[in-house]
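Structure record follows, encoded as C-alpha cells.
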2 protein chains.
Amino acid sequence: MSTSFIPASELPADDAPPAAPDFGPAARLTCRECGSSYALGAAYACIECFGPLEVGYDYVDVTRERIESGPQNMWRYACLLPVASYAGDEPNLNPGMTRLVRADNLARALGMTGTLWVKDDSGNPTHSFKDRVVAVAQSAARRLGLGTIACASTGNLAGAVAAAAARGGQKSVVVIPSDLEDGKVVTAATYGGTLLAVNGSYDDVNRLCSELIGDPLTEDWGFVNVNLRPYYAEGSKTVGYEIAEQLGWRLPQQVISPIASGSLLTKVDKAFREFVQLGLVADTPYRVFGAQATGCSPVSVAFREGHDVVRPQRPNTIAKSLAIGNPADGPYALDAVRRSGGAIGDVSDAEVTEGIRLLAETEGIFAETAGGVTVAVLRQLLASGAADPAAETVLLNTGDGLKTLDAVLGHVGPTAVIDADVDEVTRVLTTP
Amino acid sequence: MSTSFIPASELPADDAPPAAPDFGPAARLTCRECGSSYALGAAYACIECFGPLEVGYDYVDVTRERIESGPQNMWRYACLLPVASYAGDEPNLNPGMTRLVRADNLARALGMTGTLWVKDDSGNPTHSFKDRVVAVAQSAARRLGLGTIACASTGNLAGAVAAAAARGGQKSVVVIPSDLEDGKVVTAATYGGTLLAVNGSYDDVNRLCSELIGDPLTEDWGFVNVNLRPYYAEGSKTVGYEIAEQLGWRLPQQVISPIASGSLLTKVDKAFREFVQLGLVADTPYRVFGAQATGCSPVSVAFREGHDVVRPQRPNTIAKSLAIGNPADGPYALDAVRRSGGAIGDVSDAEVTEGIRLLAETEGIFAETAGGVTVAVLRQLLASGAADPAAETVLLNTGDGLKTLDAVLGHVGPTAVIDADVDEVTRVLTTP
C-alpha cells in the first residue's frame, strides 16, 4: 500500500495483555491484505505487508430486540462496534439515527418508479456523517489513554473532532488545507482547540499527519483518521445499520454513496453483509454505487478503465469534502462496487450545483457539495442504465449546504429586492 | 392590540359548519384578551376587541403511552396540536425530537451546581425551531385549502417555509429584510419559491405582510405567522412537551428562552401547564426566564421597568433572529415570566459572541446568535441572583451557528497558517 502507512509498533500478534482495554466485541486488528492478526492498539498498518488493519470481532447476543431497546442514536449499535458497552455514557456528541426521508418528489424528477430514500446525515450534531466516525475514535482514544484527538481534514472532520473534543474534555489538534470554505474553518475554530491551516492540498495535510505520528510531540495524540483509523472507520457502519433498521429490518436494492477516501461506501456494504450474516435481515441482493466529482475522480476513472489500482489525482473541484486525490480505501470501494454489480460515476462542478438545487427544491434538504455530487451521479447512472429506476434506492447525503454556500452563491438569490409596498409585491408577482 | 391585527372575517362564533376541516383536538379560536370564541379558520384577530386569537382544544385520550408509541418527531404530540391525526403522514419535514443535551461542562463554567440541559433545536431539518411551527401551519394551510404558504421572516423562518413548501408540493412566498445574513438568504433561495427582499426592518416586513392579507393577490395564501398564526404558534408547544418527556415525564425547575416575538417562551410555558392539567407530569414549580439582545430589548426593558406594555424599539443587534422591535407576544411573555417568578435579561453584542463561543467550547454545540444571547443572559441572571444556580435548568438553543458566521468571524480562526512541515507544527505547538 502507499507510503502513508507505517508499521504497527511492537504489538504482539494474537496475544493481548491481560489488562487489555475494553473494546467490546472487537477482538483483534486484522490486515486486509494478508490476514495477519494483531492485538487491539493504536496501530493501522500491517508489519508483514504494510496493508491497512481492520477491526475483527467476536459478536455475541446481537439481536433486533437488543438494538431496538437502545438509545435513539448510534450507540444502539454499540454491540457491533469496537467500543465498550458504556461508550455512549461517556461525554460525546451522541450522533446518529438521522432521518431516512422518503423522497417521492426527487424520484419523480429523476424518472424513478422505485422508492427513493435519502439518508440525511446533515442532521448529525455538527451536520455531517463525520460525527459518527469521530465518536468511535474518541472512545478508542480514551481506551488507549490518548489525551489529544487529532485529524487531517477536508473540513467536515475538522468541526466534528473539535466539537467532540470540546464536549469530551479532550484536547484537539485539527489540520486542514488553508483554502477551505469559511463555514468549515470558522466552525472548527469556534469549538476551540488547536487548528492548523496548511498551505497545500488535503493529500499534503494527510502526509504531514502521517509524518507527525513518529514524532515525540504527538506521543499522546490519537489521529482519528490515521493511527485510530481502524476504529474510526467502523463508525460508518452505523449508516448502513440505520438504513436497514429504518426500512423495517431489510436491505434496499441499491445504495449510492459519495467517495472521498472510499471508506464510507465500503463500511455501508460491510454493515449490510454483517446484518445478513447475523440473521438480522434477509439475504436479498443489493448493488452499491459510488459518486465522485470529475475534478477529483480517481476511483471513478479506475472503475471506468477496469483497473484495480487507483491512480492519484490532483483535486480541482468545488466538492472539497470529496477532494482526496489519493484515496486510502479506493481499491476496496472498487471491489465492493464490482462485487455487488454497481457502478461509479463522476460529474462536473456545474452538475454538483444542479444536484444541490434539485434536492433542495424537491425535498427541502439543503446538502453540501458532496450531496450534490451524489444526486447528480445518480441521475447520470439512471440515464446510462447503470442504475435501475425501478429498484428501491437509498441515496446518502453526508453533509450540510450551510457549509458550502459558495457552491450556490451566484446561482440563487432573492426573486426581487423591493420597498415595503403592496404595489411592489403585486408588480413582482404579476409580471411574467 | 397593535394595528397589525385585522378583524376575523365573517366567521360565525361557536357555530362551525357541518363539513368543518379536521383540526384534530382543536375546537375553536379564542380571543386571548376578551375570551370571545370563533370557529376554526384563517383568522387571527378578535372582531370584538382586536385581541389575538389562540387555539382552544377539547383533548381526549391523551396519555403517556399514546405519545410514547408515536414517531420520533413532533407528530408524537399530534393529539395535542391543531392538526388532523394524519398530519404527520402528509409530506412535511418531520421536525422535532431534537436532543436534550446534559451540559455539565457549561454548568461548571457558569458556576451552577444544579443540572443544566441544552434543548438543541439546531438539529431540526433546516436547523432551527421554526421547522416545528411551520409544520403545523403547513398542515393548517392544507385543511383550509390555501395553496401558497407565505411568511415574514428574520431569516430562520424563511428557510423553514421554503423547505417545507418544496417538500410539501406547495408554493411559497417568503418576505425578508434585505440586510439578512448570506447563510439565511442563500439557503432560503436554494429551496426555490418566491423570495422577496425588502428594504427595511423586520417590522416593516411584518407590516407589509399584514397589508397584503386584504389584497386579492393573496387570496390563496396562508401567511404562517400572520393569518395562520394561531396554528403556527402552537407548534412551539412541542419544545416544552419534548423537554418534559425527555426528562422522564417531569418538569425542570428553570427554563430560559430567547424572546423575539415572545411566542416561543409563552408556548413552552403553556406546554408545561397542559402536561400538568392532563396529569402527564407532576405539578412541580418552575420558573420561566427570557433573553434578549440589548440592541433589541423591548420586553427586557418592560420587565425591568415594571411595565405591562412593551414599548417598540428600532433593532440594532447582530442577533437578527431576535430583532423584532414590536413583539406581538411581548405582553404574554412578560406575564408568563412574572407569574412564574422568573426574570428577563439582555446582553451586548460582544456578550452574544462570547456566549456562542462558551457553548461551543464547553459542549460542542455551535449556536446562532440567539443561542449566544440565551447563554449570556443565563450567565447574567445567575450573577445577579435572579436565577438559581442550584436549580435544574433547561436552556433553549433555537438555531445554528452556521447561519450567523459573521458573529464569530474575526473573533476566531486558525491557530496558525503553516507549510506542510513537521518542524513548523513543532514550532507552533511548543512556542508559548
Side-chain angles (χ1 to χ4, degrees), chain A residues 72 93-94 99 105 123 125-127 163-164 166-167 169 178 182-183 185-187 189-192 194-200 204-205 207-208 211-212 215 217 356-357 360-366 400-403 405 408-409 412-422 425-426 428-429, chain B residues 72 93-94 99 105 123 125-127 163-164 166-167 169 178 182-183 185-187 189-192 194-200 204-205 207-208 211-212 215 217 356-357 360-366 400-403 405 408-409 412-422 425-426 428-429:
Chain A
Q72 283 294 325
L93 296 179
N94 289 315
R99 291 173 176 77
N105 296 337
T126 72
H127 305 323
R167 179 155 171 81
S178 56
D182 267 1
V185 178
V186 171
T187 305
T190 305
Y191 297 117
T194 300
L195 179 65
L196 300 177
V198 170
N199 297 317
D204 296 326
V205 168
R207 192 170 47 246
L208 172 63
E211 289 168 11
L212 277 167
D215 197 283
L217 181 75
I356 292 172
R357 294 184 65 180
E361 288 170 4
T362 54
E363 302 298 342
I365 296 172
F366 184 29
D400 202 290
L402 286 169
K403 294 192 195 172
L405 290 179
V408 287
L409 214 63
V412 300
T415 311
V417 180
I418 58 171
D419 289 330
D421 186 287
V422 171
V425 176
T426 305
V428 167
L429 291 183
Chain B
Q72 284 293 326
L93 295 179
N94 290 315
R99 292 173 175 77
N105 296 337
T126 73
H127 304 324
R167 179 156 170 81
S178 57
D182 267 0
V185 177
V186 171
T187 305
T190 305
Y191 297 117
T194 300
L195 179 64
L196 300 177
V198 170
N199 298 315
D204 296 324
V205 168
R207 191 169 48 247
L208 172 63
E211 289 168 13
L212 277 167
D215 198 282
L217 181 75
I356 291 172
R357 295 184 65 180
E361 289 169 4
T362 53
E363 301 298 342
I365 296 172
F366 184 29
D400 203 290
L402 285 169
K403 294 192 195 173
L405 289 179
V408 287
L409 214 63
V412 300
T415 310
V417 180
I418 59 171
D419 289 330
D421 185 289
V422 172
V425 177
T426 305
V428 167
L429 292 182

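In what follows, chains carry the letters A, B, and so on, assigned in the order in which the sequence lines appear, proteins first and then strands, with residues in each chain numbered from 1.
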Practice problem: Counting only heavy atoms closer than 4.5 Å, note whether Asp215(A) contacts chain B via side chain, backbone, both or neither. | Solution: side chain
Quiz item: Can you name the closest pair of heavy atoms from Leu208(B) and Val422(A) and give their distance?
Solution: CD1-N, 3.5 Å
Quiz item: Below 4.5 Å, heavy atoms only, C-beta onward: do Leu402(B) and His127(B) meet side chain to side chain?
Solution: no
Quiz prompt | Proximal component of Asp400(A), with respect to chain B [non-hydrogen, under 4.5 Å] | solution = side chain
Quiz item: Which answer fits Thr362(A), side chain, backbone, both or neither, if we ask what part of it has an atom under 4.5 Å from a heavy atom of chain B?
Solution: backbone
Exercise. Measure the spacing between CG of Leu195(B) and OG1 of Thr190(B) and express it to the nearest 0.5 Å.
Key: 10.0 Å
Exercise. Among Thr126(A), Leu409(A), Val428(A), single out the residue with the greatest number of heavy-atom pairs under 4.5 Å to chain B.
Key: Leu409(A)
Quiz prompt | Side chain, backbone, both or neither of Leu196(A) within contact of chain B (heavy atoms, under 4.5 Å) | solution = both
Quiz prompt | Rounded distance [0.5 Å steps], CG in Asp421(A) versus CD in Glu211(B) | solution = 8.0 Å
Quiz item: Which of the residues Pro125(B), Ala164(B), Gly169(B), Gly123(B) is involved in the greatest number of heavy-atom pairs with chain A at under 4.5 angstrom?
Solution: Pro125(B)
Quiz item: Checking Glu363(A) against chain B: side chain, backbone, both or neither under 4.5 Å from a heavy atom?
Solution: both
Exercise. With a 4.5 angstrom heavy-atom cut-off, could you sort out which part of Leu429(B) is near chain A: side chain, backbone, both or neither?
Key: side chain
Quiz item: Of the backbone (N, CA, C, O) and the side chain (C-beta and beyond), which part of Val205(A) lies under 4.5 Å from a heavy atom of chain B, both, or neither?
Solution: neither
Exercise. If the plane angle is over 60° it's perpendicular, under 30° parallel, otherwise tilted; pick one for Phe366(A) and Tyr191(B).
Key: perpendicular
Quiz item: Contact part of Ala416(A) toward chain B, heavy-atom cut-off under 4.5 Å: side chain, backbone, both or neither?
Solution: both
Self-check item: Top contributor to chain B interface from Ala189(A), Ala197(A), Gly192(A) [non-hydrogen pairs under 4.5 Å]
Solution: Ala197(A)
Quiz item: When heavy-atom pairs shorter than 4.5 Å are enumerated against chain B, which of Pro414(A), Gly200(A), Ser178(A) gives the highest number?
Solution: Pro414(A)
Self-check item: Segment of Leu212(B) engaging chain A (4.5 angstrom heavy-atom cut-off)
Solution: both
Quiz item: Hey, which of Arg167(A), Arg357(A), Lys403(A) has the most heavy atom pairs under 4.5 Å with chain B?
Solution: Arg167(A)
Quiz item: Which atoms of Val185(A) come close to chain B, meaning under 4.5 Å heavy atom to heavy atom: side chain ones, backbone ones, both, or neither?
Solution: side chain
Quiz prompt | Partner chain B: residue of Ile356(A), Asp204(A), Thr187(A), Val408(A) with the largest heavy-atom pair count (under 4.5 Å) | solution = Thr187(A)
Quiz item: Closest approach of Ala163(A) and Leu93(A), non-hydrogen atoms and distance?
Solution: CB-CD1, 3.9 Å
Practice problem: Return yes if some donor-acceptor pair links the side-chain N/O of Arg99(B) with the main-chain N/O of Asn94(A) below 3.5 Å, else return no. | Solution: yes
Quiz item: Gly364(B) and Ala166(A): which non-hydrogen atoms are nearest, and at how many Å?
Solution: N-CB, 4.1 Å
